[in-house]
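All values below come from the heavy atoms of this structure, side chains included, with hydrogens, waters and symmetry mates left out.
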Amino acid sequence: MIPVRILCCAVIIAAGCAPEDTQPPATPSPSPAITASPPVSPPLFHDGAEDAGLIFSHFIGATGDFYMPEVMGSGVALLDYDSDGDLDVYLLQGTMLDATQAVNDSLFPPPPTHWPGSRLFRNDLTKDGDLSFTDVTADSGLGLDGYAMGAATGDIDNDGDPDLYITAYGSNRLYRNDGGTFTDITSGAGVDDASWSTAAGFSDYDRDGDLDLWVVNYVEFDQVRNTVCTSPGGRRDYCGPQVYPPTRDRLFRNDGEYRFTDVSVNTGIAAKSGPGLGLVWADFDADGYTDAYVANDGAANFMWMNRGGQRFEEIAIMAGTGLNTVGSPEASMGVTAGDFDGDGDEDLFMTHLVRESNTLYVNDGNANFFDATNSAQLGSSSLSFTGFGSQWFDYDNDSDLDLFVANGNVKLEESRVGISDYPFEQRNQLFRNDTGNRFVDISRSAGPIINALEVSRGAAFGDIDNDGDIDIVVTNNNGPVRLLLNNGVGHHDWLRVKLVGTQSNRDGAGATVALLRDGLSPLYRRARSEGSYLSASDIRVHFGLGKNHKITGIGVIWPLGHREIWRDINVNTELTLTEGTGSDWP
């Protein structure tokens with residue numbers, strides 16, 4: 001049995017502090033030369049959660065039976081729920097899986113600051129940039145008290161505020177945002193799922209102007225048939241997904257008036273089952289329709305190609321994204337898509353288990369992919385880690401996409417047994433994009449919070465403090481939330497784009513935004529909130545501009561297919577682009 005008390009060493013490491021500046025003593029010379037030590041550079045990221053009042057600790061409700069959901073959660077959502085211009089945070093919580101047992105029966109009782117249920121924290125950012133959060137769960141209508149797993153955000157009714165879908169081990173929930181308070185409309189909308197749901201994401205797959213919903217399901221686990229599994233050292237341990245049958249995903253078409261229709265069978269996605277954990281929408285073959293990629297845990301991944309908004313065809317093996325280079329499935333958890341190499345199409349990166357490298361698939365523009373993991377130097381650096389939340393993002397605003405990976409084991413970390421009370425901890429990783437075709441692991445120099453030993457899962461990305469660089473909210477399984485504030489090392493210019501659809505869906509989800517530059521190739525980014533692991537990020541599009549930039553325009557390919565361009569662009573600001581107000585973009 002795992003020991004009861006949680007060590008505080010990871011918290012101490014995460015808090016960290018820079019060494020104090022010192023001066024050497026004066027020499028006995030008549031004119032002593034006093035030289036100060038070089039100033040200590042700030043870390044790339046620091047944890048601002050506690051100072052900002054973002055106080056939350058994930059609770060797994062473990063009682064020693066090693067129920068599989070305990071080790072898998074949970075995620076986080078970033079959304080401006082109250083439309084005040086800054087990002088609020090919704091954190092997903094666990095509970096006791098056995099309803100007959102009390103919280104105090106858990107091997108890991110929650111800390112004194114624990115409040116039951118998932119929590120909504122309002123961002124009360126001041127005009128001067130002071131960051132603080134207030135727990136507004138009680139008045140929000142979002143006090144979900146179940147075993148929550150993941151979150152998806154999207155404006156399902158095109159009324160200008162984000163709605164929220166929550167996946168769970170148990171019943172899922174769809175919450176309609178009514179101008180800052182939420183109403184549970186799950187039953188009437190027809191989007192519940194009795195399966196163990198993990199990832200979810202909104203996209204307008206049929207191009208009718210509203211957002212549809214894809215729900216990823218995992219395995220047929222239940223507590224009654226809980227299987228006993230052991231570690232290589234013979235200790236009781238959590239089982240892998242191969243022990244339980246896989247399940248089918250669900251696709252719900254938005255029919256308006258807060259009604260959805262399950263079209264999983266009609267569109268073809270019900271034809272295959274898989275232990276799904278990750279989801280990302282992208283137009284991999286550039287035909288104007290969004291495709292769906294599902295990361296399966298220990299089984300071949302799925303690449304569902306959208307055939308004219310009517311049906312989906314699964315082509316992962318043929319496309320080169322189903323198995324690794326030796327033809328074996330891997331334990332895919334998190335997934336992200338983006339144009340990391342600047343060639344105008346979306347590539348794929350996904351995280352895997354210890355002793356399986358994370359995988360980078362490069363797109364040739366026609367949905368044919370090749371494994372570039374080793375050539376991009378992303379292979380050996382990941383073999384010692386189990387990766388979950390991940391996303392390409394430009395942390396230093398130098399104009400290319402870097403990579404963050406949240407790590408934490410799902411099997412006992414044998415080296416931590418006897419040292420830690422929850423021996424699943426690993427450190428996270430940050431990779432800098434170097435020249436567009438390879439990555440450099442800069443984790444060791446990125447700051448104490450990147451190197452803290454914790455059990456990280458979800459990761460959501462957005463400019464929390466509105467200072468022009470991307471921050472990260474990281475959730476820890478059976479541990480505290482971390483707010484990784486970007487310290488802006490590099491000081492490059494930036495631009496953030498908010499889309500307002502009038503014919504397309506209101507947030508422009510699925511739109512491609514192009515930053516056009518004089519003498520340089522365009523930068524392409526997709527407006528999306530899904531991806532990473534069980535998490536929803538800011539849907540606004542962020543561009544780091546680097547050095548020597550001259551912007552000639554912003555082009556948008558809207559989800560319904562038409563193209564517009566805007567000129568005379570100012571930098572270091574948020575630009576709102578409303579569909580129909582730009583010029584034609586050939």
Is there a side-chain contact between [X] and [Y] in this structure, where contact means two heavy atoms from C-beta onward sitting under 4.5 Å apart?
X      : Y      : value
Ser381 : Phe439 : no
Phe252 : Val263 : no
Arg253 : Tyr205 : yes
Tyr361 : Phe349 : no
Thr153 : Tyr165 : no

Note to self: Show, in sequence, the C-alpha distance, side-chain angles and deciding distance for Tyr169 and Tyr218, and conclude whether the ring-ring contact (aromatic ring centres under 6.0 Å, His included) test is met.
What the structure shows: CA-CA 10 Å; Tyr169 174 67; Tyr218 192 37; over 10 Å; no
Backbone N/O of [Y] and side chain of [X]: donor-acceptor pair under 3.5 Å:
X      : Y      : result
Asn366 : Asp285 : no
Thr186 : Leu174 : yes
Asp237 : Leu412 : yes
Glu314 : Met303 : yes
Asn306 : Phe312 : no
Tyr293 : Thr321 : yes
Asp47  : Leu483 : yes
Asn477 : Glu70  : yes

Next item on the list: List the steps and the verdict of side-chain hydrogen bond (donor to acceptor under 3.5 Å, both in side chains) for Thr475 and His58.
Entry: CA-CA 8 Å; Thr475 62; His58 182 246; over 6 Å; no
Checklist line | Within 45° cone of Phe388 ring axis and under 6.0 Å: Arg457 NZ or CZ | finding: yes
Next item on the list: From the options Glu454, Gln429, Arg427, select the one residue that forms a side-chain hydrogen bond (donor to acceptor under 3.5 Å, both in side chains) with Asn407.
Entry: Gln429
